[in-house]
Amino acid sequence: MKKFYITTPIYYVNDEPHIGHAYCTVLADVFARYHRLLGNPTYFLTGTDEHGQKLQDTALNKGIEPQRYCDDIVKGFKETWRKLNIKNDDFIRTTEKRHIDVVTLILKKLYESKNEAGQSQIYDAEYEGWYCKYEERYWTEKDLVEGKCPECNRPVQRLSEKNYFFRMSFYQDWLVDYIKNHPQFIQPDFRRNEVLGFLKQPLGDLCISRPKKRLSWGIPLPFDEDYVCYVWFDALINYISAIGYNHETGEFEKDWWPAVHLIGKDILTTHAVYWPCMLKAIGFDDDKMPKTIFATGWWLQEGAKMSKSVGNVIKPLDLVDKYGVDPFRFYLIREMTLGQDATFSEESFIKRYNSELANDLGNLLSRTVKMISSYCDGKIPDCDGKIPEFSEQEKAEQTLDELPYLQVKQLKEELNAFRLNNAVDKIMSFVRSINRFIEHNKPWVLAKQNDKLELNRVLYVAAESLFISAVCLHPIIPSKSEEIISQLGHKIDSKLFSGGLKDWGNLQPGTKIKPGESLFPRLQKVKPETENSEKGEYISFDDFKKADIRVAEVISADKVTGADKLLQLQIKIGKEQRQIVAGIAKNYSPEDLIGKKIIVVVNLQPVKIRGIESNGMLLAATSGKKLVLLTTDMDIESGAGVS
Ligand code: MSP
């Protein structure tokens, strides 16, 4: 069993939570829940970052004491996490005594200690530079963009003052080696390269103080009462103060360290550079560095990062109120490829919901419980407890295959490598395969033929596979998953969620099922304003009906000599065989196509392309250079009409 300690960034409280914050917290919650499900002892920490200039200014503007202001906003964060069904084990606030004590002791220890070269780890120096009050940091002349802060584009002030510095530069060589030798330390890989690129420049020392006369809302420096600690130096320490780091023994009250830090890409340098140097200076050995720092992308809207200053924030609770918490969690996890940016739109939300939750999962549940009610007296059928064999034909038609027994194994492999998207892809494709399995085996025909043995096999396989899928999806859609399990007549058992999920045979034959309401009723599409509808350029239904569009099966595919874009395909449309030429060779190789069901307009005037007759046109979706073939959602015989 592998211990798993996961953290989110601690959120600034000068703002209510938005979808970017919600994403990071839901993501950490999903990882934590998966690890609990796989039987790993798990600890999940989130919290709030409450010191600093922005907070002091916001509170002052509102005429409220900073602490009271923080208390109010923190309530909102906690309430949002409760509504999003976040199961964190702890919530740290940087204004709590347990945190302030650890930061103070670490500062004191560093101030009194020397590095391996015999230099003071913290020293004071006169510093002159351009200071951005909003970002709370100094910039050099060359950093400025048109004389303004390169980060927030606000005016900067020329300041000269005594400050305290952490001798971070001393750790640069060690850090570069550490990052190179520990590929899992910064993820995804391209972010590791980004940090290594940054470290090609000489690393400066870190200014860790702010004079109280300018900013008093911070943790006082224990060695100079005129200064408070820089907010980032304070904030990063939350990951160890929350689990009771003891600077004298180097031990933790709660033995969870080292952590996996989930962060957004904008705070990579602080986590991947400042933080390991700080830990090293405090006395952490190499094997005590954070396990992984994983940087996620941003949620964008119309190409811009969602943020309060841009004024394009989406409040998570508005969506939860409208669509329910599980569909919202599902959308966040499904729509964003871990590590990349994603664009939020209500239209994509509804599309995702209708295709995967309503059509695939919801439909599977309702048909399974309906058929068990009608054909098996409302009880989970008996299949002798054996792992049912799948016929060659079932395998060939890509119905279930041996997938059920692999679900949990696959899940572990993908999650350990942070490939959450692959993990969920596999579960959802398993769900679709259960639907295919049902369609292939047609329980309604078996019932008519009174083939009880086969009927029981098919419905047990469907129900048990659905059960396994529901458990595997539990970390993402906890409430809906529990409803599925309950409709199947079973209960959430704590053993099940601490590694007790069996590869097969979780459902007890004879158990009464409890059919309930439709889990994911279909949502109405947001009507997109198309160019055509604006211009009033429609085609009539009769015009559309002139096109004869059919499903075809590719029998063979060959490159066309001298034309690097073209493939010559032999296709079967029902009993008929014909030839088409298509410009898809850059996107598909001939082997990819054989046996594929494609969609073809069959009544187009035949043409000759490069001297080869093309008798029909296949349909494909294109975006820029990307081209994907249209195909059918489920298997259907070639020749079937498309309308
Ligand atoms: N307080 C610091 C973190 C200190 S951790 C020791 C902070 N707070 S924040 O509230 O500004 O941001 C918290 C997290 O939210 C960051 O990881 C940031 O990347 C993430 N997001 C903020 N806006 C976002 C999007 N639009 N999309 C996705 N996540 C983004 O930074």
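Because only heavy atoms are used, hydrogens play no part in the values below, and waters and symmetry mates are left out as well, while side chains stay in. Counting starts at 1 for both ligands and their atoms, following the listed order.
Within ligand 1, the atoms closer than 4.0 Å to a non-hydrogen atom of His271 are 5 (S), 6 (C), numbered from 1 in the order shown. Under a 4.0 Å criterion applied to the non-hydrogen atoms of His21, ligand 1 contributes the atoms 10 (O), 15 (O). The atoms of ligand 1 that sit less than 4.0 Å from any heavy atom of Gly297 are 28 (C). Residue Gly264 approaches ligand 1 through these ligand atoms, each under 4.0 Å from one of its heavy atoms: 17 (O), 19 (O).
By the 3.5 Å distance cut-off applied to N or O atoms, Ile10 is counted among the residues near ligand 1. Looking at Asp49 next to ligand 1, an N or O pair under 3.5 Å apart turns up.
Both tests pass for Lys54 against the ring of Tyr134: distance under 6.0 Å to the centre and angle within 45° of the axis.
Taking the salt bridge (charged side-chain N to carboxylate O under 4.0 Å, His left out) definition, one finds that Glu96 meets it with Arg98, sequence neighbours left out.
A salt bridge (charged side-chain N to carboxylate O under 4.0 Å, His left out) with Glu346 is found for exactly one of Arg352, Lys322, Lys351, namely Lys322.
The heavy atom nearest to atom 5 (S) of ligand 1, out of those in Phe233, Trp298, Phe344, Tyr239, is found in Tyr239. Counting only non-hydrogen atoms, the option in His18, His261, Lys265 that gets closest to atom 23 (N) of ligand 1 is His18. When Tyr23, Tyr12, Trp232 are ranked by how near their heavy atoms come to atom 8 (N) of ligand 1, first place goes to Tyr12.
Phe349 and Tyr331 have tilted rings, their planes meeting at an angle from 30° to 60° on a 0 to 90° scale. Using the six-membered ring where Trp is involved, Trp257 and His261 have ring planes that are tilted, between 30° and 60° apart.
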Which atom pairs, donor and acceptor, lie under 3.5 Å between side-chain atoms of residues 279-286 and protein residues at least two apart or in another chain?
unit_1	atom_1	unit_2	atom_2	d
Lys280	NZ	Asp286	OD1	3.0
Asp286	OD1	Trp174	NE1	3.0

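For the residue pair Glu161 and Asn163, a side-chain donor N or O sits within less than 3.5 Å of a side-chain acceptor on the partner.
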